[in-house]
Trainee: 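First the structure, which I've put down as structure tokens, then a few questions once you've had a look.
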There are 2 protein chains.
Amino acid sequence: MINSLTEENYLKALFNIANQSGEVNVAELSKTLDIKMPTVTSMMKKLAKKKLVHYESYKPLRLTEKGRKEAGLIIRKHRLTEMFLVEKMNLGWEDVHDIAEQIEHIQSPVFFEKMDEMLDYPKVDPHGSPIPDSKGKVVWKDYSKLSDCEAGDTVRLSAVIKTTSEFLKLLNGKGMYLGLKIKIKSIEPFDKSIVISYDKRNAEVLSNLVCERLLVEKIV
Amino acid sequence: MINSLTEENYLKALFNIANQSGEVNVAELSKTLDIKMPTVTSMMKKLAKKKLVHYESYKPLRLTEKGRKEAGLIIRKHRLTEMFLVEKMNLGWEDVHDIAEQIEHIQSPVFFEKMDEMLDYPKVDPHGSPIPDSKGKVVWKDYSKLSDCEAGDTVRLSAVIKTTSEFLKLLNGKGMYLGLKIKIKSIEPFDKSIVISYDKRNAEVLSNLVCERLLVEKIV
DNA sequence: AAAATTTGTTAGATTCGTCTAACTTTATAC
DNA sequence: GTATAAAGTTAGACGAATCTAACAAATTTT
């Protein structure tokens with residue numbers, strides 16, 4: 001009943017890229033993992049045998065309940081680790097992903113329970129993503145993308161998605177962080193770039209590519 | 001130039017079981033790793049190609065300088081991790097080995113540098129084993145085994161070797177810890193078991209099997 | 001020193017996770 | 001609604017790390 005590191009990576013990717021109905025294409029998974037499609041197909045058959053994935057030829061892939069739980073538990077370890085690295089080891093939010101990507105595969109319940117306890121049972125990771133509970137369940141709040149907001153809106157930055165180290169360094173450079181209150185001053189119709197103000201800054205410009213990766217809550 | 005997890009485990013074992021002249025038998029390595037001899041032979045040829053091991057048919061194995069360095073760096077990560085788990089995460093010395101065994105393979109210089117810094121550059125791990133320096137070099141102090149001491153000697157417990165969880169729990173049960181000052185009251189000629197006193201305890205008996213795993217410094 | 005034992009190697013098979021080449025099915029475009 | 005393109009599968013190969021069976025060398029015993 002133990003999954004290999006490789007299998008864990010497939011499960012995690014399936015979990016992460018599932019759309020609302022939980023479906024994933026072979027091509028998409030192949031691209032995400034940078035593994036050729038035939039390899040993905042054969043691994044899906046293997047995971048189907050283990051009752052972790054629903055697999056039918058030429059149909060979209062779906063995690064089973066069991067698969068979703070196991071994936072959730074891996075992501076739980078990943079996000080707890082990220083939180084630990086930021087909160088207890090003073091690493092930057094742009095540095096923790098690659099380390100967590102490795103530590104998430106550690107087999108040791110006590111190790112992660114201890115982390116959880118030391119962090120006082122955090123609900124989100126340093127990027128605002130929710131940490132799955134100990135049953136692997138996770139719920140996202142219904143944030144909006146900053147790119148879907150309108151001029152005049154005042155919002156709170158609640159999460160960042162599709163994060164890369166480059167992207168997070170850009171945010172660092174602009175003095176942006178989770179919890180930040182942002183006022184949208186205007187939106188450029190041509191390229192959807194926006195002008196915002198926050199803290200002491202009065203006219204920062206963010207491209208649409210950036211805004212699509214910022215999740216916010218509207219403030220009334 | 002990256003070594004696989006498997007290769008790392010061979011290097012580490014070679015390092016750990018090398019005798020004073022640095023030699024290791026195939027049979028010994030095979031037994032330590034619980035891997036059959038033919039597999040070990042073929043891996044040794046592979047490591048020899050990578051200039052990590054000196055290999056000649058029917059001759060004892062020896063790490064090259066390069067191999068010794070790489071092994072030392074893995075063991076450095078292992079022991080730093082053990083120290084971190086005990087000092088910063090409050091795990092018991094009997095619980096940390098299996099976790100460190102996994103974390104030692106994490107590839108992230110910054111992660112281990114941070115640990116080192118947080119621990120204030122420790123020289124030994126929770127079992128008294130020296131932590132190799134950042135070049136992989138390690139030196140053992142010249143401790144004696146408690147089993148080689150004589151009645152009347154007063155010693156300080158400085159390290160524990162060949163530790164298993166069971167063994168460390170036995171020490172916990174007897175209230176023994178590193179730094180403990182021990183007086184040897186008598187030695188039973190028949191089985192070499194010894195009677196010692198320390199702290200508030202006045203006549204604890206330790207079997208020879210235990211004493212062979214306790215390294216001490218004589219106090220003058 | 002011959003025999004027996006232990007140690008080490010060779011040869012060949014197996015499993016896992018990957019690939020490429022060729023083919024099939026499904027979706028898209030005209 | 002056929003042609004083209006995209007997505008997915010099948011078949012076969014390969015490297016890594018493992019194994020077993022059989023053989024060879026070195027060591028130990030007698």
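Numbered from 1 within each chain, the chains take letters A, B, ... in sequence-line order.
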Trainee: Quickly work out the B/Ile35 CD1 to D/dT18 P distance and round it to whole Å.
Mentor: 4 Å
Trainee: Tell me, yes or no, whether the heavy-atom count around A/Lys174 atom NZ, taken from other residues, nucleotides or ligands under 6.0 Å, exceeds 12.
Mentor: yes
Trainee: Thinking salt bridges, do B/Asp153 and B/Lys218 make one under a 4.0 Å N-O criterion?
Mentor: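 Looking at B/Lys218 together with B/Asp153, the answer is yes, because their closest N to O distance falls below 4.0 Å.
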Trainee: So, OP1 or OP2 of C/dT9: does either fall under 4.0 Å of a side-chain N or O from B/Thr41?
Mentor: yes
Trainee: Does B/Lys45 reach a base, just sugar-phosphate, or nothing at all? Heavy atoms under 4.0 Å.
Mentor: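 B/Lys45: backbone/sugar contact only, no base atoms under 4.0 Å.
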Trainee: For A/Asn25 and C/dT25, give me the distance from atom CG to atom P, rounded to whole Å.
Mentor: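 In whole Å, C/dT25 P lies 19 Å from A/Asn25 CG.
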Trainee: I need the NZ-P distance between B/Lys59 and C/dT9, as an integer number of Å.
Mentor: 11 Å
Trainee: Rounding to an integer number of Å, can you tell me how far B/Met43 CE sits from D/dA16 P?
Mentor: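 That distance rounds to 9 Å.
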Trainee: Over all strands shown, is B/Ser42 touching base, sugar-phosphate only, or nothing at heavy-atom distances under 4.0 angstrom?
Mentor: base
Trainee: Answer yes when B/Arg68 and B/Glu65 have at least one side-chain N-carboxylate O distance shorter than 4.0 Å, and no when they do not.
Mentor: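 The answer is yes: the pair qualifies as a salt bridge.
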Trainee: Mark yes when over 12 heavy atoms from residues, nucleotides or ligands other than B/Lys51 sit less than 6.0 Å from its NZ; otherwise mark no.
Mentor: no
Trainee: Of A/Tyr58 and A/Thr6, whose closest DNA chain C nucleotide lies nearer the 5' terminus?
Mentor: A/Thr6
Trainee: Do any side-chain nitrogens or oxygens of B/Tyr10 fall under 4.0 Å of OP1 or OP2 in D/dT18?
Mentor: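 For D/dT18, OP1 or OP2 has a side-chain N or O of B/Tyr10 closer than 4.0 Å.
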Trainee: Choosing from D/dG8, C/dA21, C/dT10, which nucleotide comes nearest the side chain of A/Ala27?
Mentor: D/dG8
Trainee: Would you indicate what B/Thr39 reaches in the nucleic acid, counting non-hydrogen atoms under 4.0 angstrom: base, sugar-phosphate, or nothing?
Mentor: base
Trainee: Output the rounded distance in Å from CD (B/Glu28) to P (C/dG8).
Mentor: 9 Å
Trainee: Quickly work out the A/Leu47 CG to C/dC16 P distance and round it to whole Å.
Mentor: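 It works out to 12 Å between those atoms.
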Trainee: How long is the line joining CG of A/Leu33 and P of C/dT18, in whole Å?
Mentor: 8 Å
Trainee: With sequence neighbours left out, which residue pairs that include part of residues 4-23 of chain B fulfil the side-chain hydrogen bond (donor to acceptor under 3.5 Å, both in side chains) condition?
Mentor: B/Glu7-B/Lys46, B/Glu7-B/Lys50, B/Glu8-B/His105, B/Glu8-B/Gln107, B/Asn9-B/His105, B/Lys12-B/Glu101, B/Lys12-B/Glu104, B/Asn19-B/Ser21
Trainee: Between C1' on C/dT14 and NZ on B/Lys36, what's the gap in Å once rounded to a whole number?
Mentor: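 About 15 Å, once rounded to whole Å.
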